[in-house]
Amino acid sequence: MHTVTDIAALQHWLGRYRRDELRVALVPTMGALHEGHLQLLRQAAEQADRVVVSVFVNPLQFGPAEDFQAYPRDLETDARLLEAHGTHLLFAPALHELIAPDRPSTFVEVPDLGEQLCGRQRPGHFRGVTTIVAKLFHLVQPQVAVFGEKDYQQWIILRRMVADLNFSVDMQAVPTARADDGLALSSRNAYLNAAERTRAPQLYASLRQAAADAAAGDDLAQVQVRTLKRLQAADMTPEYVEFREAEHLTSPRAEDRELVILAAARLGAARLIDNVRFTRRLKS
Ligand code: AMP
């Protein structure tokens, strides 16, 4: 594995790959890698000759009161894990390589979709994500890019960006990797203390129950209220629980069968997100 921290060095290796007509997969991350990220790497390795991973804690996707400074960083451990899992090129740019000192003046933004759900709670978050992922796509020009379904709204927004901007990249999603008790793996789970960690799986358990009830035909609004109460009973502070159509994240219409339930909830210092896709049986 080669580790590069500046764009010139990145281009050096990418130029070689291109000369050799190698297929490149990109896996963008913010580091503090866990098994969820490793699933993405496995998928990338299956799809391409060269796996490029970026590790960049992107300040543009953090709000002013959020955890940019506290976000876990451990590049040495990340590099060891990446090397052990078949990464060819690690791009770990310094801040100034991707962002001008006084914030960029050009943004890539998917309007509307980016302002809902997590975007309502975190104004500017998705604009920060799409701006940096667009820059990474321009720099790396991968044939394949791999993302996690854990960040379901992000996945749908990035797919929209790729379609709207005519990036020719094959976008692939990997199912959410979970702990044995169901909690979605996340670098931010490190913020949970022991007592919170035992309650945290309630988020996924509640969403699964909600998805099962909705799949069986229960009224979505009633299920939503039940789910919010269940999260509160587990001492979480839900930010939202919402049903959406699974492909476009529009509000479910009576005839929509493929749905997703998405939620964000605060638990101690952590903000947890999760989602469950399901198929609804329609009453005839
Ligand atoms: P992050 O480092 O949190 O920005 O995540 C980088 C990529 O890994 C994103 O595409 C995430 O959706 C994905 N990811 C994070 N956690 C998981 C997980 N538990 N399962 C699958 N993918 C994940």
Side-chain angles (χ1 to χ4, degrees), residues 25-47 51-63 66-68 70-75 77-79 81-82 85 87 90-93 98 114 117-119 122 125-137 140 142 144-162 169-192 197 200-201 203-204 207-208 249 260 262-264 270-277:
L26 173 67
V27 181
T29 82
M30 297 208 300
L33 301 178
H34 51 66
E35 179 58 31
H37 296 107
L38 301 183
Q39 302 280 8
L40 272 54
L41 295 185
R42 289 187 191 102
Q43 171 95 354
E46 276 172 22
Q47 302 289 325
V51 175
V52 179
V53 176
S54 59
V55 171
F56 181 66
V57 183
N58 167 21
L60 301 183
Q61 69 185 71
F62 289 79
E66 292 183 1
D67 56 341
F68 174 67
Y71 196 85
R73 292 166 172 84
D74 186 352
L75 190 58
T77 306
D78 287 346
L81 267 175
L82 291 171
H85 288 81
T87 301
L90 163 58
F91 179 44
L98 291 188
L117 303 167
C118 283
R122 307 182 70 190
H125 167 70
F126 287 112
R127 186 179 77 161
V129 172
T130 43
T131 298
I132 290 300
V133 173
K135 284 167 75 87
L136 290 170
F137 282 1
V140 176
V144 181
V146 186
F147 298 88
E149 283 180 7
K150 150 130 193 306
D151 300 279
Y152 195 81
Q153 185 180 9
Q154 168 176 287
W155 161 244
I156 298 293
I157 287 174
L158 287 171
R159 262 195 352 196
R160 176 74 63 83
M161 175 190 84
V162 161
V169 52
D170 177 1
M171 295 285 283
Q172 303 205 356
V174 169
T176 303
R178 301 182 178 280
D180 289 343
D181 59 12
L183 177 66
L185 299 181
S186 163
S187 310
R188 287 191 168 101
N189 292 349
Y191 299 157
L192 297 168
R197 177 64 188 78
L203 178 58
Y204 181 52
L207 295 187
R208 277 195 31 171
L249 295 184
V260 58
L262 310 101
R271 180 177 181 278
L272 306 176
I273 60 170
D274 209 338
N275 65 86
V276 174
R277 273 188 77 143

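Numbering of ligands and ligand atoms starts at 1, following listing order.
Assignment of A32 to the shell around ligand 1 is not supported, since no heavy atom sits closer than 4.0 Å. Judged by the shortest distance from any of its heavy atoms, H34 lies inside the 4.0 Å radius around the atoms of ligand 1. Within the 4.0 Å heavy-atom shell around ligand 1 one finds H37.
The minimum heavy-atom distance linking G31 with H37 is given by the pair O-CE1, 3.8 Å. Closest heavy-atom contact between R271 and C118: NH2-SG, 3.4 Å.
Contact of the L98 side chain with the L60 side chain is not registered, since no non-hydrogen atoms from C-beta on lie closer than 4.5 Å.
For the pair D151 and ligand 1, the shortest N or O to N or O distance falls below 3.5 Å. The shortest N or O to N or O distance between A177 and ligand 1 is below 3.5 Å. Residue G148 has at least one nitrogen or oxygen atom sitting less than 3.5 Å from a nitrogen or oxygen atom of ligand 1, judged on distance alone.
Taking atom 4 (O) of ligand 1 as the reference point, the nearest protein heavy-atom neighbour is M30 CG, 3.5 Å. L185 O, 2.8 Å is the protein heavy atom nearest to atom 19 (N) of ligand 1. In terms of protein heavy atoms, atom 6 (C) of ligand 1 is closest to P28 O, 3.4 Å. Of the protein's heavy atoms, L40 CD2, 3.3 Å lies nearest to atom 8 (O) of ligand 1.
Remark: ligand 1 atoms within the under-4.0 Å shell around heavy atoms of F147 are 10 (O). Ligand-side atoms of ligand 1 in range of T29: 2 (O), 6 (C), range being under 4.0 angstrom from any heavy atom.
Relative to atom 9 (C) of ligand 1, the option among Q154, K150, Q61 with the closest non-hydrogen atom is Q154.
A distance of 6.5 Å separates OG1 of T130 from CE of M161, quoted to the nearest 0.5 Å.
Between W155 and F147, the ring-plane angle classifies as tilted under the 30° and 60° cut-offs.
If you look at P175 next to ligand 1, the close heavy atoms, those under 4.0 Å, all belong to the backbone.
Because its NZ or CZ atom is not both nearer than 6.0 Å to the ring centre of Y71 and within 45° of the ring axis, R188 does not count as a cation-pi partner of that residue.
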Q: Any chance you could lay out the side chain to side chain contact (heavy atoms under 4.5 Å, CB included) test for Y204 and T176, step after step, and finish with the verdict?
A: CA-CA 11 Å; Y204 181 52; T176 303; over 6 Å; no
**Q.** Derivation and outcome, ring-ring contact (aromatic ring centres under 6.0 Å, His included), residues F91 and F56
**A.** CA-CA 8 Å; F91 179 44; F56 181 66; 8.2 Å; no
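D274 and Y152 share no side-chain donor-acceptor pair at under 3.5 Å.
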